[in-house]
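Here the structure is laid out as structure tokens; the discussion comes afterwards.
The shown structure was predicted, so the numbers you read here are calculated from the model rather than taken from an experiment. Whatever order the structure lists them in is the order used to number ligands and atoms, beginning at 1. Side chains included, hydrogens not; waters and symmetry mates left out as well; all remaining heavy atoms used. Positions are given from 1, in the same order as the sequence printed here.
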Amino acid sequence: MSVTLIDHMGTDESVARAAWVSTQRDDREATPEAVERLIRTLFAGDRVHAGPMGHPHLTICVECPIFVSREWFRHRTWSYSEISTRYVDMSGEAYLPAPEDVRAQVGKRISYQYEAVPPEIATTALDEMAGSYRRSHQDYQVLLSRGVAREVARNVLPLGTMTRFYGTVSLRNALAFVYLRNHPAALLEIRREAEALEALLHTLWPVTMRVWTDKGRPAL
Ligand SMILES: Cc1cc2nc3c(=O)[nH]c(=O)nc-3n(C[C@H](O)[C@H](O)[C@H](O)COP(=O)(O)OP(=O)(O)OC[C@H]3O[C@@H](n4cnc5c(N)ncnc54)[C@H](O)[C@@H]3O)c2cc1C
């Protein structure tokens, strides 16, 4: 699984200038102190003044299993372009968790907790998962070899099949994503990707991210 930066637009200064336009002061000198002061005012009230954060954008390339991509694609404020399983042979890699990530679901419905299973159970589970992937990938290849189109043969592929997509989003909506998905309640695998995205946001918009963090990571 990976999250790679492809492209980006705008800086912390872009956030400040977009806010300054409301008082016709967007041509003012943007010293680092003035930019930080302005960004702190966006987070000062009981609700975040998030509009100016809608101007900077980034594009990332995400590699993840299909079951994780389904969660990404619920975030409608992103633009996505994904590998086509109609055109690409998908029988390559499939996701095998690290042994310590093979977990059991315990507790009550909706507020489940997840706990690592004993190591011997993890080893057996991973063997079974790898065997299942192997069998479905063989079935897929058999269907292709009989002349069945990829768009039909793909029906036998598992949710752990790796996919790859580009996602483009504003800083504002990237923060909304990170708020929801870099959170203990989120699926472990998407949480790891949200952590990687958050690290990228810190390199691209260090002031906005520092202030957001200082303010306790509020919802946008
Ligand atoms: C821990 C967790 C568990 C979840 N469990 C489930 C589950 O069991 N089943 C399930 O189906 N989903 C589940 N989800 C997905 C969740 O319901 C949301 O679909 C997902 O988090 C995207 O959030 P969003 O709608 O705020 O994001 P976006 O789609 O990016 O939207 C962001 C904001 O833009 C606005 N917006 C975007 N599109 C529209 C629109 N068409 N109309 C009006 N406003 C719009 C809304 O204000 C929205 O809040 C879960 C999410 C999390 C984080």
4.0 Å protein heavy-atom contact status of atom 35 (C) of ligand 1, strictly under: no

Cationic N near anionic O, under 4.0 Å, Arg40 to Glu36: yes

Ring center gap for Tyr95 and Tyr133 short of 6.0 angstrom: no

Ser79 versus Thr168, side-chain donor and acceptor atoms under 3.5 Å: no

Any non-hydrogen protein atom less than 4.0 Å away from atom 7 (C) of ligand 1: no

Ring pair (Phe, Tyr, Trp, His ring centres under 6.0 Å) partner of Phe73, chosen from Trp78, Phe67, Phe165: Phe165

Side chain to side chain contact (heavy atoms under 4.5 Å, CB included) assessment of Val15 paired with Trp20: CA-CA 9 Å; Val15 175; Trp20 284 327; over 6 Å; no

Numbered atoms and elements of ligand 1 in range of Thr77, under 4.0 angstrom, heavy atoms: 30 (O), 31 (O), 32 (C), 34 (O)

Heavy-atom nearest neighbour in the protein, as seen from atom 28 (P) of ligand 1, with distance rounded to 0.1 Å: Arg76 N, 3.3 Å

Asn173 near ligand 1 by a heavy-atom separation under 4.0 Å: no

Top protein contact for atom 1 (C) of ligand 1, by heavy-atom distance: Ala185 O, 3.6 Å

Closest approach of any protein heavy atom to atom 23 (O) of ligand 1, naming residue and atom: Leu180 CD1, 3.8 Å

Test log, rule side chain to side chain contact (heavy atoms under 4.5 Å, CB included), inputs Glu63 and Arg164: CA-CA 4 Å; Glu63 289 187 332; Arg164 191 164 163 265; 3.2 Å; yes

Under-4.0 Å heavy-atom contact with ligand 1, by part of Glu71 that carries it: neither

Heavy-atom proximity to atom 19 (O) of ligand 1, best of Arg74, His75, His183, Arg181: Arg74

Exercise: do Thr85 and Glu151 side chains pair donor with acceptor under 3.5 Å: no

Is_contact(atom 44 (N) of ligand 1), protein non-hydrogen, under 4.0 Å: no

Exercise check, heavy-atom protein proximity under 4.0 Å to atom 38 (N) of ligand 1: yes

4.0 Å protein heavy-atom contact status of atom 15 (C) of ligand 1, strictly under: yes

Passing option when Arg181 is tested against Glu195, Glu71, Glu198 for salt bridge (charged side-chain N to carboxylate O under 4.0 Å, His left out): Glu71

Closer than 4.0 Å: a protein non-hydrogen atom to atom 47 (O) of ligand 1: no

Within-shell test, Ala176 vs ligand 1, heavy atom, strictly < 4.0 Å: no

Neighbour count >12 (heavy atoms, 6.0 Å) for atom OH, Tyr166: no

